[in-house]
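Remarks on the structure that follows.
Because the structure is predicted, anything quoted here is derived from the model rather than measured. Here, residue 1 is the first one in the sequence, and each next residue gets the next number. The analysis underlying the following values was restricted to heavy atoms, covering all of them including side chains, and did not include hydrogens, waters or symmetry mates.
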Amino acid sequence: MSKEPNRRRTTAAFTAALAVAGATVLAGAPAAQAAVVDVNYACETKIGPKGAVSPVDIKAVKNGSAYTITMSFEKGVSDSPIELPKGVMTPRAELVLGGADSGTVKVKGTPNTAAIPPDTPIKIGTLTGTYTPRKNGKVTFTAGTLTVHALGMDAAVCTPKNNPRPALELEVTGAPGGSDTPPPAEEDKEEGTGTELPKTGPLDSALALGTLGGTVLLTGAAGVLWLTRRTAR
């Protein structure tokens, strides 16, 4: 008996298995796409301008209705002419939002765990922050201003000068604000009364005084009218 039909069945079964596996991989594809991006930082420091290129990696992890954002640097972007003792340097940065959302997300690092020798690139490490989405859709995260706080001052303020591309694209779903608009701002009203709170600005005071003056004027006119009628009697 020929073994050709068995080989055909085996090949067909193998092809079907690959197709199913491929569909499973696509269905389980992550909702975020991250890429390491080279950012060319131009830094203004207390000892003059500095600059360096550092690969930057941005990631997001779902945490309830928000996301924990991490920003990692593979290289230092500035140095110090003196030694920085342990715990005196803390980096922070802004990530610029694009796509379905706008604004910035602030991320911050931890103080240096070891002394940093002089004239040595300052290792930034990993910065962490929280992003609470306002709209659904694809949101991009791009490296923005980086600030190195050391010895009680902002020792270096670094801005990207190469217009870097986004390092993270996040597919947001289930945002409180829906797909079109962010949540509406709450009005200044007393809880449970549905009436506006009293206004105390200069313009409102003038209006209040005008109303009071009108009341006095009406009262005076009524008094004159009453006296006139009494005299006529």
Side-chain angles (χ1 to χ4, degrees), residues 30-134 138-172:
Q33 296 181 359
V36 177
V37 175
D38 287 337
V39 180
N40 188 357
Y41 282 101
C43 303
E44 293 296 330
T45 75
K46 301 302 180 182
I47 58 173
K50 298 280 185 178
V53 177
S54 176
V56 171
D57 185 19
I58 302 174
K59 289 184 171 62
V61 176
K62 182 76 170 175
N63 186 10
S65 60
Y67 292 84
T68 298
I69 306 296
T70 57
M71 181 183 191
S72 302
F73 293 79
E74 293 187 11
K75 295 181 180 179
V77 296
S78 183
D79 53 24
S80 172
I82 61 173
E83 178 178 303
L84 297 178
K86 175 183 176 180
V88 302
M89 187 280 295
T90 304
R92 66 181 187 271
E94 290 184 348
L95 305 180
V96 181
L97 300 176
D101 207 347
S102 60
T104 59
V105 173
K106 299 183 184 300
V107 291
K108 187 176 181 179
T110 56
N112 56 308
T113 57
I116 302 174
D119 302 320
T120 302
I122 298 173
K123 185 177 180 180
I124 303 299
T126 300
L127 284 63
T128 306
T130 300
Y131 168 61
T132 302
R134 299 176 298 171
K138 290 183 179 180
V139 180
T140 60
F141 295 74
T142 304
T145 302
L146 167 69
T147 302
V148 178
H149 189 83
L151 300 174
M153 61 181 175
D154 289 343
V157 179
C158 308
T159 55
K161 65 178 184 179
N162 63 330
N163 192 25
R165 60 188 176 90
L168 173 66
E169 185 179 87
L170 183 65
E171 184 70 37
V172 175

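Taking NZ of Lys108 as the reference point, atom OG1 of Thr147 lies at 11.5 Å (rounded to 0.5 Å). Rounded to the nearest 0.5 Å, atoms OG1 (Thr142) and CG (Leu95) are 8.5 Å apart. A distance of 11.5 Å separates CD1 in Ile69 from NZ in Lys59, rounded to the nearest 0.5 Å. Distance NZ/Lys50 to SG/Cys43: 10.0 Å, rounded to 0.5 Å. Here the CG atom belonging to Asp119 is positioned 8.0 Å from the OG atom belonging to Ser80, to the nearest 0.5 angstrom. Going from atom CE of Met89 over to atom CG of Leu151 covers 10.5 Å, rounded to the nearest 0.5 Å.
Among residues two or more places apart in sequence or in another chain, the side chain to side chain donor-acceptor pair (under 3.5 Å) test is passed with Tyr131 by Asp101.
Tyr67 has its side chain out of reach of Phe141: every pair of non-hydrogen atoms, C-beta onward, lies at least 4.5 Å apart. Between Lys123 and Pro91 there is no side-chain heavy-atom pair separated by less than 4.5 Å. The closest side-chain heavy-atom distance from Arg92 to His149 is below 4.5 Å.
The two atoms that bring Ala34 and Asp57 nearest to each other are CB-OD1, 4.4 Å, heavy atoms only. Contact between Thr140 and Gly99 at its shortest, heavy atoms only, is OG1-N, 3.9 Å. In terms of heavy-atom proximity, Gly76 sits nearest to Pro121 at CA-CB, 4.2 Å. Among all heavy-atom pairs drawn from Ala143 and Pro160, the shortest one is O-CG, 3.6 Å. In terms of heavy atoms, Val139 sits closest to Val172 at CG2-CG2, 3.8 Å. What you find for Val56 and Ala167 is that their closest heavy atoms are O-CB, 4.3 Å.
Remark: the backbone N or O of Asn40 is paired with a side-chain donor or acceptor of Asn162 at under 3.5 angstrom. Side-chain atoms of Asn112 come within 3.5 Å of backbone N or O of Ala114 as a donor-acceptor pair. Under a 3.5 Å cut-off, the side chain of Asp79 and the backbone N or O of Pro118 do not form any donor-acceptor pair.
For Lys62, the NZ atom is densely surrounded, since the number of other residues' heavy atoms within 6.0 Å is greater than 12.
Looking at Leu127, Val107, Thr126 one by one, the single match for side chain to side chain contact (heavy atoms under 4.5 Å, CB included) with Thr70 turns out to be Thr126.
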